[in-house]
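Report on one structure; see the data block that follows.
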2 protein chains.
Amino acid sequence: MALEAAESLVTTEGYKGLSTRKVASAIGYTVGTLYLVFDSQEDLVLQLNGRTLDALYEWLRARPALSGDPGNNLRHLAETYIAYANTETARWNVLFEYIAAEGNDLPDWYLAKLSKVFGLVEAALKPLADHRGEQEIQQAARVLWAGVHGICTLKIRHRMDLAGGQTTEQMAHMLIDNFMLGFQA
Amino acid sequence: MALEAAESLVTTEGYKGLSTRKVASAIGYTVGTLYLVFDSQEDLVLQLNGRTLDALYEWLRARPALSGDPGNNLRHLAETYIAYANTETARWNVLFEYIAAEGNDLPDWYLAKLSKVFGLVEAALKPLADHRGEQEIQQAARVLWAGVHGICTLKIRHRMDLAGGQTTEQMAHMLIDNFMLGFQA
DNA sequence: CACAATATTGAACACTGTTCAATATCGCGC
DNA sequence: GCGCGATATTGAACAGTGTTCAATATTGTG
(Lines give C-alpha, C1' and ligand atoms only; values in the text may rest on other atoms or scores of the structure.)
Protein backbone atom coordinates (compact mmCIF):
# COMPACT_ATOMS: atom_id res chain seq x y z
CA MET A 1 0.00 0.00 0.00
CA ALA A 2 2.66 2.48 1.07
CA LEU A 3 4.82 1.79 -1.98
CA GLU A 4 1.86 2.15 -4.34
CA ALA A 5 0.97 5.45 -2.70
CA ALA A 6 4.58 6.57 -2.93
CA GLU A 7 4.64 5.71 -6.62
CA SER A 8 1.60 7.78 -7.48
CA LEU A 9 2.84 10.60 -5.26
CA VAL A 10 6.11 10.71 -7.18
CA THR A 11 4.41 10.53 -10.57
CA THR A 12 1.89 13.26 -9.76
CA GLU A 13 3.96 15.65 -7.66
CA GLY A 14 7.50 14.87 -8.75
CA TYR A 15 10.30 13.45 -6.66
CA LYS A 16 10.29 16.44 -4.34
CA GLY A 17 6.63 15.88 -3.53
CA LEU A 18 7.42 12.65 -1.73
CA SER A 19 7.18 12.89 2.07
CA THR A 20 6.57 10.35 4.79
CA ARG A 21 3.52 12.21 6.06
CA LYS A 22 1.95 12.36 2.61
CA VAL A 23 2.53 8.67 1.99
CA ALA A 24 1.10 7.78 5.40
CA SER A 25 -2.02 9.91 5.05
CA ALA A 26 -2.56 8.68 1.47
CA ILE A 27 -3.09 5.18 2.83
CA GLY A 28 -5.05 6.31 5.88
CA TYR A 29 -2.29 6.02 8.44
CA THR A 30 -0.06 8.28 10.50
CA VAL A 31 3.67 8.83 10.16
CA GLY A 32 4.39 6.71 13.19
CA THR A 33 2.87 3.63 11.59
CA LEU A 34 4.96 4.12 8.45
CA TYR A 35 8.09 4.00 10.57
CA LEU A 36 7.11 0.57 11.87
CA VAL A 37 7.21 -0.71 8.29
CA PHE A 38 10.19 1.23 6.93
CA ASP A 39 13.41 2.04 8.74
CA SER A 40 13.59 5.47 7.21
CA GLN A 41 12.60 7.46 4.16
CA GLU A 42 15.75 6.15 2.50
CA ASP A 43 14.54 2.61 3.07
CA LEU A 44 11.16 3.46 1.54
CA VAL A 45 12.81 5.03 -1.51
CA LEU A 46 15.08 2.02 -1.93
CA GLN A 47 12.10 -0.33 -1.99
CA LEU A 48 10.26 2.03 -4.31
CA ASN A 49 13.26 1.91 -6.63
CA GLY A 50 13.19 -1.86 -6.47
CA ARG A 51 9.67 -1.78 -7.86
CA THR A 52 10.71 0.72 -10.50
CA LEU A 53 13.53 -1.57 -11.63
CA ASP A 54 11.00 -4.41 -11.94
CA ALA A 55 8.70 -2.15 -13.93
CA LEU A 56 11.56 -1.05 -16.17
CA TYR A 57 12.55 -4.67 -16.80
CA GLU A 58 8.98 -5.56 -17.74
CA TRP A 59 8.70 -2.47 -19.93
CA LEU A 60 11.79 -3.48 -21.90
CA ARG A 61 10.78 -7.14 -22.03
CA ALA A 62 7.31 -6.33 -23.31
CA ARG A 63 8.72 -4.37 -26.25
CA PRO A 64 11.13 -6.69 -28.07
CA ALA A 65 12.67 -5.69 -31.38
CA LEU A 66 10.98 -7.16 -34.44
CA SER A 67 14.11 -7.66 -36.49
CA GLY A 68 16.84 -10.15 -35.72
CA ASP A 69 19.70 -7.83 -36.60
CA PRO A 70 21.82 -7.21 -33.49
CA GLY A 71 22.37 -3.57 -34.38
CA ASN A 72 18.67 -2.98 -34.72
CA ASN A 73 18.01 -4.84 -31.48
CA LEU A 74 20.41 -2.67 -29.53
CA ARG A 75 19.10 0.55 -31.02
CA HIS A 76 15.55 -0.54 -30.31
CA LEU A 77 16.46 -1.42 -26.72
CA ALA A 78 17.98 2.04 -26.26
CA GLU A 79 14.90 3.69 -27.73
CA THR A 80 12.68 1.69 -25.41
CA TYR A 81 14.81 2.66 -22.43
CA ILE A 82 14.67 6.32 -23.43
CA ALA A 83 10.92 6.04 -23.88
CA TYR A 84 10.57 4.73 -20.34
CA ALA A 85 12.63 7.58 -18.95
CA ASN A 86 10.50 10.05 -20.90
CA THR A 87 7.23 8.43 -19.87
CA GLU A 88 7.93 7.78 -16.20
CA THR A 89 10.39 10.62 -15.77
CA ALA A 90 9.77 11.25 -12.08
CA ARG A 91 10.04 7.60 -11.07
CA TRP A 92 13.08 7.17 -13.29
CA ASN A 93 14.67 10.22 -11.69
CA VAL A 94 14.21 8.84 -8.17
CA LEU A 95 16.09 5.75 -9.36
CA PHE A 96 19.27 7.78 -9.64
CA GLU A 97 18.70 10.62 -7.21
CA TYR A 98 18.86 8.25 -4.33
CA ILE A 99 22.49 8.18 -3.28
CA ALA A 100 23.33 5.74 -0.54
CA ALA A 101 25.14 7.29 2.41
CA GLU A 102 28.83 6.61 1.99
CA GLY A 103 29.93 3.17 3.01
CA ASN A 104 26.28 2.19 2.87
CA ASP A 105 26.30 -0.14 -0.12
CA LEU A 106 23.19 -1.07 -2.04
CA PRO A 107 21.63 -4.36 -0.85
CA ASP A 108 22.16 -7.53 -2.88
CA TRP A 109 18.52 -7.84 -3.92
CA TYR A 110 18.81 -4.37 -5.46
CA LEU A 111 21.99 -5.20 -7.36
CA ALA A 112 20.32 -8.40 -8.58
CA LYS A 113 17.48 -6.37 -10.10
CA LEU A 114 20.05 -4.14 -11.77
CA SER A 115 21.84 -7.19 -13.18
CA LYS A 116 18.59 -8.44 -14.63
CA VAL A 117 18.16 -5.25 -16.63
CA PHE A 118 21.77 -5.37 -17.82
CA GLY A 119 21.14 -8.97 -18.86
CA LEU A 120 18.82 -7.74 -21.60
CA VAL A 121 21.64 -5.70 -23.08
CA GLU A 122 24.04 -8.64 -22.87
CA ALA A 123 21.57 -10.82 -24.76
CA ALA A 124 21.24 -8.20 -27.48
CA LEU A 125 25.00 -7.73 -27.71
CA LYS A 126 25.98 -11.39 -27.70
CA PRO A 127 25.20 -12.38 -31.34
CA LEU A 128 27.44 -9.54 -32.37
CA ALA A 129 30.61 -11.05 -30.94
CA ASP A 130 30.46 -14.78 -30.54
CA HIS A 131 34.21 -14.96 -30.72
CA ARG A 132 34.55 -12.96 -27.50
CA GLY A 133 34.45 -14.36 -24.01
CA GLU A 134 31.32 -14.34 -21.86
CA GLN A 135 32.89 -11.89 -19.43
CA GLU A 136 33.96 -9.48 -22.13
CA ILE A 137 30.43 -9.37 -23.51
CA GLN A 138 29.08 -8.67 -20.03
CA GLN A 139 31.57 -5.87 -19.56
CA ALA A 140 30.84 -4.41 -22.98
CA ALA A 141 27.11 -4.51 -22.27
CA ARG A 142 27.56 -2.58 -19.04
CA VAL A 143 29.88 -0.05 -20.61
CA LEU A 144 27.58 0.54 -23.56
CA TRP A 145 24.49 0.82 -21.39
CA ALA A 146 26.12 3.13 -18.89
CA GLY A 147 26.86 5.26 -21.94
CA VAL A 148 23.29 5.22 -23.18
CA HIS A 149 22.16 6.02 -19.66
CA GLY A 150 24.55 8.96 -19.49
CA ILE A 151 23.10 10.43 -22.67
CA CYS A 152 19.60 9.95 -21.30
CA THR A 153 20.47 11.56 -17.96
CA LEU A 154 22.12 14.63 -19.42
CA LYS A 155 19.27 15.07 -21.89
CA ILE A 156 16.51 14.82 -19.31
CA ARG A 157 18.37 17.13 -16.93
CA HIS A 158 18.78 19.67 -19.72
CA ARG A 159 22.57 19.44 -19.80
CA MET A 160 22.38 18.95 -23.56
CA ASP A 161 20.34 22.01 -24.43
CA LEU A 162 23.29 23.28 -26.45
CA ALA A 163 23.36 24.70 -29.95
CA GLY A 164 23.44 22.09 -32.69
CA GLY A 165 22.03 19.38 -30.48
CA GLN A 166 20.58 16.08 -31.63
CA THR A 167 17.68 14.15 -30.16
CA THR A 168 18.30 11.64 -27.39
CA GLU A 169 17.64 8.80 -29.82
CA GLN A 170 20.09 10.16 -32.39
CA MET A 171 22.80 10.44 -29.77
CA ALA A 172 22.14 6.91 -28.53
CA HIS A 173 22.27 5.61 -32.11
CA MET A 174 25.59 7.33 -32.69
CA LEU A 175 27.05 5.81 -29.53
CA ILE A 176 25.75 2.32 -30.25
CA ASP A 177 26.72 2.26 -33.93
CA ASN A 178 30.28 3.42 -33.33
CA PHE A 179 30.75 1.21 -30.28
CA MET A 180 29.43 -1.80 -32.19
CA LEU A 181 31.79 -1.18 -35.07
CA GLY A 182 34.71 -1.10 -32.69
CA PHE A 183 33.55 -4.09 -30.69
CA GLN A 184 33.11 -6.22 -33.79
CA ALA A 185 36.54 -5.38 -35.14
CA MET B 1 31.39 34.85 0.32
CA ALA B 2 28.15 32.91 0.28
CA LEU B 3 29.26 30.72 -2.60
CA GLU B 4 32.60 29.99 -0.97
CA ALA B 5 30.82 29.04 2.25
CA ALA B 6 28.39 26.87 0.30
CA GLU B 7 31.31 25.12 -1.39
CA SER B 8 33.05 24.18 1.82
CA LEU B 9 29.72 23.19 3.37
CA VAL B 10 29.05 20.80 0.51
CA THR B 11 32.55 19.36 0.59
CA THR B 12 32.54 18.83 4.36
CA GLU B 13 28.96 17.78 5.02
CA GLY B 14 27.86 16.43 1.67
CA TYR B 15 25.18 17.78 -0.61
CA LYS B 16 22.47 17.16 1.97
CA GLY B 17 24.31 19.31 4.48
CA LEU B 18 23.68 22.43 2.44
CA SER B 19 21.05 24.75 3.90
CA THR B 20 20.35 28.44 3.55
CA ARG B 21 20.66 29.00 7.29
CA LYS B 22 24.04 27.26 7.48
CA VAL B 23 25.39 29.24 4.55
CA ALA B 24 24.15 32.49 6.04
CA SER B 25 25.56 31.88 9.51
CA ALA B 26 28.86 30.65 8.06
CA ILE B 27 29.45 34.12 6.65
CA GLY B 28 28.05 35.93 9.69
CA TYR B 29 24.66 36.82 8.29
CA THR B 30 21.06 35.75 8.73
CA VAL B 31 18.83 33.90 6.29
CA GLY B 32 16.97 37.04 5.37
CA THR B 33 20.12 38.67 4.03
CA LEU B 34 20.91 35.64 1.91
CA TYR B 35 17.54 36.00 0.21
CA LEU B 36 18.41 39.52 -0.85
CA VAL B 37 21.35 38.12 -2.80
CA PHE B 38 19.83 34.88 -4.12
CA ASP B 39 16.31 34.37 -5.40
CA SER B 40 16.08 30.96 -3.81
CA GLN B 41 18.16 27.99 -2.77
CA GLU B 42 17.88 26.75 -6.35
CA ASP B 43 19.46 30.00 -7.52
CA LEU B 44 22.30 29.59 -5.04
CA VAL B 45 22.91 26.01 -6.14
CA LEU B 46 22.90 27.05 -9.79
CA GLN B 47 25.57 29.68 -9.16
CA LEU B 48 27.51 27.21 -7.04
CA ASN B 49 27.38 24.79 -9.97
CA GLY B 50 28.62 27.53 -12.26
CA ARG B 51 31.73 27.82 -10.11
CA THR B 52 32.12 24.05 -10.07
CA LEU B 53 32.00 23.97 -13.87
CA ASP B 54 34.73 26.62 -13.94
CA ALA B 55 36.78 24.59 -11.47
CA LEU B 56 36.25 21.43 -13.52
CA TYR B 57 37.35 23.20 -16.68
CA GLU B 58 40.49 24.46 -14.97
CA TRP B 59 41.16 21.03 -13.49
CA LEU B 60 41.04 19.43 -16.94
CA ARG B 61 43.00 22.22 -18.57
CA ALA B 62 45.75 22.06 -15.93
CA ARG B 63 46.30 18.35 -16.62
CA PRO B 64 46.94 17.99 -20.35
CA ALA B 65 48.03 14.68 -21.83
CA LEU B 66 51.74 14.38 -22.47
CA SER B 67 51.49 12.35 -25.65
CA GLY B 68 50.12 13.61 -28.92
CA ASP B 69 48.24 10.46 -29.79
CA PRO B 70 44.49 11.25 -29.97
CA GLY B 71 43.55 7.96 -28.34
CA ASN B 72 45.83 8.63 -25.41
CA ASN B 73 44.58 12.17 -25.14
CA LEU B 74 40.98 11.07 -24.90
CA ARG B 75 41.72 8.34 -22.38
CA HIS B 76 43.73 10.77 -20.31
CA LEU B 77 40.93 13.32 -20.43
CA ALA B 78 38.49 10.69 -19.20
CA GLU B 79 40.83 9.67 -16.39
CA THR B 80 41.22 13.30 -15.37
CA TYR B 81 37.45 13.77 -15.38
CA ILE B 82 36.99 10.64 -13.28
CA ALA B 83 39.69 11.85 -10.90
CA TYR B 84 37.83 15.12 -10.41
CA ALA B 85 34.59 13.30 -9.67
CA ASN B 86 36.41 11.09 -7.17
CA THR B 87 38.23 13.99 -5.55
CA GLU B 88 35.41 16.51 -5.35
CA THR B 89 32.62 13.97 -5.20
CA ALA B 90 30.15 16.07 -3.23
CA ARG B 91 30.54 19.14 -5.42
CA TRP B 92 30.41 16.99 -8.54
CA ASN B 93 27.24 15.34 -7.28
CA VAL B 94 25.50 18.67 -6.75
CA LEU B 95 26.28 19.43 -10.39
CA PHE B 96 23.82 16.74 -11.48
CA GLU B 97 21.45 16.51 -8.56
CA TYR B 98 20.13 19.91 -9.32
CA ILE B 99 17.18 19.37 -11.62
CA ALA B 100 15.55 22.51 -12.92
CA ALA B 101 11.81 22.70 -12.34
CA GLU B 102 10.10 21.61 -15.54
CA GLY B 103 9.91 24.29 -18.19
CA ASN B 104 12.58 26.14 -16.24
CA ASP B 105 15.51 25.83 -18.63
CA LEU B 106 19.10 26.36 -17.58
CA PRO B 107 20.35 29.92 -18.16
CA ASP B 108 22.57 30.66 -21.15
CA TRP B 109 25.64 31.46 -19.05
CA TYR B 110 25.37 28.00 -17.55
CA LEU B 111 25.07 26.28 -20.92
CA ALA B 112 28.07 28.31 -22.10
CA LYS B 113 30.18 26.91 -19.27
CA LEU B 114 29.03 23.41 -20.21
CA SER B 115 29.99 24.02 -23.84
CA LYS B 116 33.44 25.09 -22.73
CA VAL B 117 34.02 21.76 -21.02
CA PHE B 118 32.71 19.85 -24.03
CA GLY B 119 35.07 21.92 -26.16
CA LEU B 120 38.03 20.15 -24.56
CA VAL B 121 36.65 16.82 -25.73
CA GLU B 122 36.07 18.17 -29.24
CA ALA B 123 39.67 19.35 -29.42
CA ALA B 124 40.90 15.92 -28.36
CA LEU B 125 38.63 14.15 -30.83
CA LYS B 126 39.31 16.38 -33.82
CA PRO B 127 42.70 15.05 -35.01
CA LEU B 128 41.11 11.64 -35.11
CA ALA B 129 38.71 12.49 -37.90
CA ASP B 130 39.77 15.39 -40.02
CA HIS B 131 37.68 14.11 -42.88
CA ARG B 132 34.48 14.61 -40.88
CA GLY B 133 32.54 17.83 -40.62
CA GLU B 134 32.88 20.25 -37.72
CA GLN B 135 29.35 19.52 -36.58
CA GLU B 136 29.82 15.77 -36.63
CA ILE B 137 32.91 16.05 -34.45
CA GLN B 138 30.99 18.22 -32.00
CA GLN B 139 28.17 15.71 -31.89
CA ALA B 140 30.55 12.80 -31.46
CA ALA B 141 32.35 14.59 -28.63
CA ARG B 142 29.10 15.14 -26.77
CA VAL B 143 27.92 11.59 -27.31
CA LEU B 144 31.22 10.13 -26.18
CA TRP B 145 31.46 12.36 -23.15
CA ALA B 146 27.89 11.76 -22.09
CA GLY B 147 28.87 8.11 -22.21
CA VAL B 148 31.95 8.58 -20.05
CA HIS B 149 29.84 10.64 -17.68
CA GLY B 150 27.24 7.87 -17.49
CA ILE B 151 29.89 5.35 -16.48
CA CYS B 152 31.22 7.77 -13.87
CA THR B 153 27.74 8.45 -12.46
CA LEU B 154 26.71 4.83 -12.15
CA LYS B 155 30.05 3.95 -10.58
CA ILE B 156 29.97 6.73 -7.98
CA ARG B 157 26.34 5.98 -7.13
CA HIS B 158 27.20 2.32 -6.67
CA ARG B 159 25.04 1.10 -9.57
CA MET B 160 28.01 -0.86 -10.89
CA ASP B 161 28.83 -2.83 -7.74
CA LEU B 162 28.02 -6.01 -9.66
CA ALA B 163 30.00 -9.23 -9.87
CA GLY B 164 32.83 -9.18 -12.39
CA GLY B 165 33.02 -5.42 -12.44
CA GLN B 166 35.86 -3.35 -13.85
CA THR B 167 37.25 -0.07 -12.53
CA THR B 168 35.77 3.20 -13.71
CA GLU B 169 38.89 3.86 -15.77
CA GLN B 170 38.76 0.45 -17.44
CA MET B 171 35.14 0.99 -18.41
CA ALA B 172 35.88 4.44 -19.78
CA HIS B 173 38.80 3.05 -21.80
CA MET B 174 36.61 0.33 -23.26
CA LEU B 175 34.00 2.88 -24.30
CA ILE B 176 36.51 5.29 -25.78
CA ASP B 177 38.56 2.69 -27.63
CA ASN B 178 35.58 1.02 -29.26
CA PHE B 179 33.88 4.32 -30.07
CA MET B 180 37.08 5.66 -31.60
CA LEU B 181 37.49 2.59 -33.77
CA GLY B 182 33.97 3.03 -35.07
CA PHE B 183 34.31 6.76 -35.53
CA GLN B 184 37.53 6.46 -37.48
CA ALA B 185 36.12 3.83 -39.85
C1' DC C 1 -14.68 -11.46 30.09
C1' DA C 2 -9.55 -10.80 30.94
C1' DC C 3 -5.20 -10.31 29.49
C1' DA C 4 -1.28 -10.31 26.80
C1' DA C 5 0.27 -9.19 22.21
C1' DT C 6 0.01 -6.08 18.32
C1' DA C 7 -1.18 -1.95 16.04
C1' DT C 8 -1.71 2.80 15.92
C1' DT C 9 -1.51 7.32 17.33
C1' DG C 10 -0.14 12.15 17.80
C1' DA C 11 2.57 15.21 20.09
C1' DA C 12 7.26 16.57 20.43
C1' DC C 13 12.05 17.77 18.63
C1' DA C 14 15.07 19.73 15.61
C1' DC C 15 15.37 20.86 11.40
C1' DT C 16 14.15 22.94 6.45
C1' DG C 17 12.93 27.05 2.62
C1' DT C 18 10.84 31.43 2.32
C1' DT C 19 8.77 36.00 3.45
C1' DC C 20 8.53 40.63 5.29
C1' DA C 21 7.54 44.30 8.67
C1' DA C 22 10.63 46.31 11.80
C1' DT C 23 15.07 47.93 12.89
C1' DA C 24 19.88 49.32 12.21
C1' DT C 25 23.51 51.35 9.65
C1' DC C 26 25.42 54.25 6.28
C1' DG C 27 26.66 58.37 3.30
C1' DC C 28 25.88 62.99 2.38
C1' DG C 29 24.31 67.83 2.40
C1' DC C 30 24.12 71.43 5.65
C1' DG D 1 27.66 67.38 14.57
C1' DC D 2 23.00 66.71 12.89
C1' DG D 3 19.22 65.19 10.17
C1' DC D 4 17.44 62.45 6.65
C1' DG D 5 16.85 59.45 3.01
C1' DA D 6 18.71 55.25 1.17
C1' DT D 7 20.54 50.73 2.04
C1' DA D 8 21.40 46.78 4.78
C1' DT D 9 20.10 43.59 8.07
C1' DT D 10 17.38 41.30 11.19
C1' DG D 11 14.53 37.79 13.43
C1' DA D 12 10.20 36.17 14.07
C1' DA D 13 6.62 33.82 11.67
C1' DC D 14 4.59 30.19 8.47
C1' DA D 15 4.28 25.88 6.65
C1' DG D 16 6.49 22.22 5.84
C1' DT D 17 10.19 18.17 6.61
C1' DG D 18 12.29 13.32 8.93
C1' DT D 19 12.22 10.87 13.11
C1' DT D 20 11.09 9.12 17.82
C1' DC D 21 8.34 7.18 21.43
C1' DA D 22 5.26 7.10 25.50
C1' DA D 23 0.46 6.57 25.53
C1' DT D 24 -3.61 4.60 23.70
C1' DA D 25 -6.50 1.41 20.88
C1' DT D 26 -7.41 -2.88 18.89
C1' DT D 27 -7.05 -7.64 18.35
C1' DG D 28 -6.89 -12.76 19.17
C1' DT D 29 -6.92 -16.29 22.52
C1' DG D 30 -7.39 -18.87 26.91
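Per chain, numbering begins at 1; letters A, B, ... match sequence-line order.
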Rounded to whole Å, please give me the gap between CG in B/D39 and P in C/dT18. 10 Å
Checking B/T168, B/L120, B/L56 against B/Y81 for side-chain contact (heavy atoms from CB on, under 4.5 Å), the one that qualifies is B/L56
For A/K16 and D/dG16, give me the distance from atom NZ to atom P, rounded to whole Å. 17 Å
Contact check, residues 24-35 of chain B vs DNA chain C, heavy-atom distance under 4.0 Å, returns B/V31, B/G32, B/Y35
List the steps, then state whether salt bridge (charged side-chain N to carboxylate O under 4.0 Å, His left out) holds for B/E134 with B/K126. CA-CA 8 Å; B/E134 191 82 28; B/K126 194 161 190 172; 3.3 Å; yes
Output the rounded distance in Å from CD (B/Q41) to P (D/dT17). 15 Å
I'd like to know if A/R21 reaches the base of D/dG16 with its side chain, counting only an N/O donor and acceptor under 3.5 Å. no
Counting only heavy atoms not in A/L36 (residues, nucleotides, ligands), do more than 12 fall under 6.0 Å from its CG? yes
Taken to the nearest whole Å, OH/A/Y15 to C1'/D/dT17 is 15 Å
Between A/F96 and A/V10, is there shared hydrophobic-cluster membership here, with clusters defined by ILVMFWY side-chain heavy atoms closer than 4.5 Å? yes
Quiz item: cation-pi between B/R61 and B/W59, 6.0 Å / 45°: no
Does a salt bridge link B/E97 with B/R157, judged by any charged N lying under 4.0 Å from a carboxylate O? yes
Nucleotide nearest A/L36 when distance is taken to its side chain, options C/dT8, D/dG18, C/dT16: C/dT8
Got a sec, which residues hit side-chain contact (heavy atoms from CB on, under 4.5 Å) with B/Q184, two or more places apart in sequence or on another chain? B/L128
Determine, for A/F183 and A/R132, whether the Lys NZ or Arg CZ falls below 6.0 Å from the six-membered ring centre while staying within 45 degrees of the axis. yes
Can you measure A/F38 atom CZ to D/dG18 atom P for me and round it to whole angstrom units? 13 Å
Would you tabulate the nitrogen or oxygen pairs shorter than 3.5 Å linking the protein to nucleotides 25-28 of chain D?
none

